[in-house]
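Reading through the structure tokens given below for one structure.
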Amino acid sequence: MVKKREPFPEIPDLYQMVYELITYIPKGRVSTYGAVAEALGDKTAARAVGKILSENSNPELYPCYKIVYSDGAVGNYRLGGVTEKSRLLSADGIKISDDGIIDLKRYFFGNFVSDKPLARLHEYQDRFMPEIESIGSAIRTVGGVDVSYSGDSKNAVAVYTLFDFKMNKMLDYTIQSDKICFPYIPSYLSFRELPILSKLIEKAELGKKSADVVLVDGNGLIHPRNSGVASMLGAVCGIKTIGVAKSLLCGTAGDDNFIRMNNKVIGKRITKGFKPVFVSAGWKTDLSEAASIVSEMMIRRLPEPLRMAHILSKSLMAN
DNA sequence: GCGACAG
DNA sequence: ATCTTGTCGC
């Protein structure tokens, strides 16, 4: 099994797929957010399905009122709330009990035809193997990349800061804006942010503003399939990366601050008087040097390259 | 019932 | 990450 440098998989248009899938729910039946997510290939995307349906711009064509909670509760509806959603369902002949529950045994439809694109991405992550090794030569510069989103989450600005490692001072930065076409789904962050981030890295390299190693706002090895955005970004761009996350995606922090999953160390919790951050090796770095680089550059909670990238991208997005 | 699965 | 149409398990 080839574990690296496979071509990056095609990123599906989940928005369009969700809208099309729900048109196949027969009249008088309902489905659930989880069932639609399963048709996409991963039930954990249920919440993303909800978010996508909440942005439905054509309720005449796409009957999102037919999607209810997994316990049979009617659930939310942007255009008129639960009252309107219940009215539409009743008009289809669906009985709703006094406590607002639909009998899913009777009305449920889940037999969607789909090629399950998320399952394909999941498999790609399963095959992906991060290269973990020592950085080797001395670090002179460290970069930080972060992405900020517009209110509707359709556009984003990413910033790559270039820092002098020893001085912990910013030397330069690079900006990239882009449309965002993939929703946020836990453990699938790569597919949302890699397009904009890889463009950003390329632009920084062309401008001679790239660093020896790049801190990424997200995880590397701390990931259910050890395939966080930091690792994938490193592999795609051929750069050394380190993951720095503000909350723990998976695994458990021990008293020794190491994060373990299935008895393997996948990262480290770093606490320097602030709320902790969770560091993991991304691509062609290892945990101990990752932790020491991050720790040395922490004046505040986030290491300076990331803190500045965050501040810059947020302020640029505002304008 | 409440909290969790990066951003 | 913004500004909230989920689901499951502890």
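Note that the coordinates shown come from a computational prediction; the quantities given were computed from them, not determined experimentally. We use all heavy atoms of the structure for the numbers below, so side chains are in, but hydrogens, waters and symmetry mates are not. Within every chain, numbering begins at 1; the chains are lettered A, B, ... in the order of the sequence lines, protein sequences first and strands thereafter.
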Under a 3.5 Å limit for both distances, which nucleotide forms a Watson-Crick or G-U wobble pair with B:dA6, could you say?
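Pair assignment: B:dA6 / none.
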- Message: Looking at C:dG6, which nucleotide sits across from it as a Watson-Crick or G-U wobble partner, both distances under 3.5 angstrom, or is there none?
- Response: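 Looking at the geometry, C:dG6 pairs with no nucleotide.
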Electrostatic pair A:Glu123-A:Arg120, nearest N-O below 4.0 angstrom
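A:Arg120 and A:Glu123: not salt-bridged.
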Non-hydrogen atoms of A:Ser190 and A:Ser227 that approach each other most closely: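 Looking at all heavy atoms of both residues, the shortest contact is OG-O, 3.7 Å.
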Margin query: If you count heavy atoms of other groups shown closer than 6.0 angstrom to CZ of A:Phe274, is the number above 12?
Written below: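 Yes - once you tally the heavy atoms of other residues, nucleotides and ligands closer than 6.0 Å, there are more than 12.
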Interatomic distance, [X] [atom1] vs [N] [atom2] [rounded to whole Å]:
| X | N | atom1 | atom2 | answer |
| --- | --- | --- | --- | --- |
| A:Leu104 | C:dG6 | CG | C1' | 14 Å |
| A:Ile222 | B:dA6 | CD1 | P | 12 Å |
| A:Tyr149 | C:dC3 | OH | P | 13 Å |

Cation-pi between A:Arg225 and A:Tyr188: NZ/CZ under 6.0 Å from ring centre and within 45° of the ring axis?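 Yes, a cation-pi geometry holds between A:Arg225 and A:Tyr188.
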- Query: Is the distance from OP1 or OP2 of C:dT4 to the nearest side-chain N or O of A:Asn76 less than 4.0 Å?
  - Reply: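 Answer no for this pair, as no side-chain N or O of A:Asn76 is under 4.0 Å from OP1 or OP2.
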| said: Can you identify which nucleotide, out of B:dA6, C:dG6, C:dT2, has its nearest atom closest to the A:Ser148 side chain? | reply: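 Looking only at side-chain atoms, A:Ser148 lies closest to C:dT2.
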- Nearest to the side chain of A:Lys43, which nucleotide is it out of B:dA6, B:dG7, C:dT7?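 Of the options given, the side chain of A:Lys43 lies nearest C:dT7.
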